[in-house]
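Everything on this sheet refers to the single structure shown next.
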Amino acid sequence: MRLTVDDLAARRSGRRIFSRLSFALEPGEALMVTGRNGAGKSTLLALLAGRLKPDAGTIAVTEVGEATLPECLHVVGHRDGLKSPLTAEENLAFARDLLGAARMSPGEALAELGLGHALKLPVAYLSAGQRRRVALARLLVCRRPLWLLDEPTAALDTASQAVLAGLMARHRAEGGLIIAATHQSLGLDDARELRIGETASAPEAPVTAEAWW
Amino acid sequence: MTRALLALLVRDLTLAARVGGSGALSLVFFLMIVVLVPFALGPDLNLLSRIGPAILWLAAVLATLIGLDRLFQADEEDGSLDLMTGAPVPLEGVVLAKVLAHWLTTGLPLALVSPLFGLLLALDGTAMLATALTLLVGTPALTFVGAVGAALTASIRRGGLILAVLVLPLMIPTLIFGVSASEAASSGTVPFATPLMILGALSLIAAVIGTFAAAAALRWSE
Amino acid sequence: MVGVVEDAILRATPALLLHRTLGYFRRTMWNRIAHPGHFMRWTGPLMPWLAGLSALLLGIGLYLTWFVVPPDYQQGETVRIMYIHVPAAWLGVFFYGSMAFSAIGTLVWRHPLADVAQRAAAPIGAAFTIICLVTGSLWGKPMWGTYWVWDARLTSMLVLFLIYCGIIALWRTIEDPNRAARAIAILTLVGAVNLPIIKFSVNWWSTLHQPASILRMGGSSIDPSMLYPLLLMILAFTLLGVTLHLYGMRTEILRRRVRALTIREAERLDARPASTGSLPVGQAVQGF
């Protein structure tokens, strides 16, 4: 798939987060979104995931058939989307059935992340790092072309970070896209970088609903 | 699509069974209200059997509210709602599956145990069966109306109280027809079928409005 | 194939269809008439006239009510309460209707003025509903011998008041105005669909539980000497309500303008030290 973002602007509680954001991603490309805290990294990911409506601008995907953008992507963020009373396997099986396009079994996906032993454990028993790895295993149980990762290495040790880097490289080699909001290098070679929020130098009012007041 | 919604339904039922949360709690709460009423009114069996269906219905309305505030809030907090936004099913379907799971774990058990609790209120056999039947037909309306409130308050911390204020006025018609159908069965000024049909209609209307309104409230709720 | 069609139908929610067919409205007419700036400009000079006219009509109406209208042969002097009670009831319902209309404006056109109109209408509608309930109760004391009887009409108004309370309460719990607008609009529409159902159920309930011999307010036959003052009072109250509503909308617009300006000022102050640095440019990516 191809992703084109044009002249995007976002607002939250009437406060402008960013505006005039444009970029395009081709198959196999990765984009690292950087910027200081509160610059709008998570807001950008929420816009792409369809949780927020843009204030202005367009987000377009092509070469995905009839699917909408939220149906083409995986989100792994601060909120891991796991239910503590369910086992890792049940959580992943649920994600696979809900999202469709199954690819690996939960057991295989967990084994890839070195968590094969946790298959039958309730997620409540797992540490923060292990939970994050279970959430990352969701990337493998269903096939989706775009990965949206919000601080994916948070709570991961170096070994797991290397595993994640390997998974991302494989995903890109298969023609997948990655957008990651991060503070640190993720081991993504030749990834492009998008800095947001550092140049708020053009405070001209955009023509939107909020500017009416 | 069916597979995704079925997975959601099964997950919610599993969660309810494993945590033992809202479902069992609602039943206990239901029992407690039924027990409290005789303490307030006195143990006059004639009086209790006369107002028994009303007590059971009032208790059912209040018990439905228990746990309703977590219906969407729990998924909103831990990010599961993001997963559902990305699922290849419309959000209306998600709402329908979750409401169905909630009804199966609260409304249905309430209706099934109500004859048992009717014993405490000296209900005769007809009244017991009639009340159970009206609860079976009417509680879906309560759950669907409540789901709208749950969706509207999903991102509000401690939304339980505001949820009750929002949805209780909208539950009045269900309460009216639920009680009058149960009473019609034993006293007989009106045929039992009339209020029961209206009760069923209320459930169907609530299902349509509730599904669309709750989905609309969840969409871009942030 | 069937699955695809099914999906498409499910996805085309009514709001979305309306949005598509009527979308051009937003871009043309509505923007001109209902732009908040325009609204402030054309209502500004109108306000003193509206306020004066409603005061005048209300004065005449009250004079007629107190000094001209004959006492009722059955209800005596207490019938004069009806001249406040009936218009208040009408406005309580009227403002809920206007809120439902505004709610459609918010959901379909995402028009900010619709939300302003709705927010200004809620407290006014609630206030008139309270006036209706209090006057009804005062009228009930001499008529029924008690301040409250579960009369079908009064009870329906009481439920309406509860719904108003819920709407105002939800407003106060959601801080972000855009999010609040959406939530309130949905709640208002759900309430609007429910109100006729509530009215119907309360009537049913009331006929089940009440003896039929209750003296009702405003029968079907009413003498012209009482009807015309009543119509005048309804007109005066409506004008008063609309005037209050416009004042409320103007205040709400100013409040939002202050909010937007405060936020913009905070952004400007925040941006000043950062803007002295050089522009960092990503590889092949332009971003602000």
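In what follows, every chain begins at residue 1, and chains take the letters A, B, ... in the order their sequences are listed.
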Taking atom [atom1] of [X] and atom [atom2] of [Y], what is their separation to the nearest 0.5 Å?
| X | Y | atom1 | atom2 | value |
| --- | --- | --- | --- | --- |
| B:T153 | C:I174 | OG1 | CD1 | 8.5 Å |
| C:I197 | B:I205 | CD1 | CD1 | 4.5 Å |
| B:I209 | C:N194 | CD1 | CG | 6.0 Å |

Smallest separation among heavy atoms of [X] and [Y], with atom names:
| X | Y | result |
| --- | --- | --- |
| C:L162 | B:P169 | CB-CG, 3.9 Å |
| C:R182 | B:R219 | NE-O, 3.7 Å |
| B:A213 | C:V190 | CB-CG2, 3.5 Å |
| C:I198 | B:P173 | CG1-CG, 3.6 Å |
| C:A183 | B:L152 | O-CD2, 3.4 Å |

Q. B:L202 versus chain C, heavy atoms under 4.5 Å apart: side chain, backbone, both or neither?
A.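 Just the side chain, heavy atoms under 4.5 Å.
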
Q. Between B:L91 and chain C, which part of the residue has a heavy atom less than 4.5 Å away: side chain, backbone, both or neither?
A.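 It is neither, since no heavy atom gets under 4.5 Å.
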
Q) For the candidates C:A185, C:G166, C:C165, which exhibits the highest count of non-hydrogen atom pairs separated by less than 4.5 Å from chain B? A)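 Ranked by heavy-atom pairs under 4.5 Å with chain B, first place is C:G166.
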
**Q.** When C:L160, C:I186, C:I163 are compared by non-hydrogen pairs under 4.5 Å with chain B, the top option
**A.**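 So the answer, after comparing C:L160, C:I186, C:I163, is C:I186.
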
Q: Check whether C:L195 gets within reach of chain B through its side chain, its backbone, both or neither, counting any heavy atom under 4.5 Å.
A: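 C:L195 has no heavy atom closer than 4.5 Å to chain B.
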
Q. If you count the non-hydrogen atoms of other residues, nucleotides and ligands that lie under 6.0 Å from CH2 in C:W171, is the total more than 12?
A.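 Yes.
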
Q) If you draw a 6.0 Å radius around CG in B:L36, do more than 12 non-hydrogen atoms from other residues or ligands fall strictly inside? A)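 Atom CG in B:L36 is crowded, with more than 12 foreign heavy atoms closer than 6.0 Å.
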
Q. Judged by modelled atom types alone, do C:W205 and B:S180 share a side-chain donor-acceptor pair under 3.5 Å?
A.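 Side-chain D/A pair, C:W205 to B:S180: absent.
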
(Q) Is the shortest side-chain heavy-atom distance between B:I156 and C:L170 below 4.5 Å? (A)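 A side-chain contact under 4.5 Å exists here.
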
Q.
Are the side chains of B:F177 and C:S201 in contact, using a 4.5 Å heavy-atom criterion?
A.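 With C-beta onward as the side chain, the pair touches.
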
Q | Top of B:L170, B:V145, B:V167 for chain C proximity - count of heavy-atom pairs under 4.5 angstrom | A |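 Among the listed options, the one with the most contacts to chain C is B:L170.
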
(Q) Between B:I162, B:V179, B:V165, who has the most heavy-atom pairs with chain C when the cutoff is under 4.5 Å? (A)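 Maximum pair count with chain C is reached by B:I162.
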
Q) Does the side chain to side chain contact (heavy atoms under 4.5 Å, CB included) test come out yes or no for B:I198 and C:F200, once each step is laid out? A) CA-CA 11 Å; B:I198 299 177; C:F200 164 71; 4.1 Å; yes

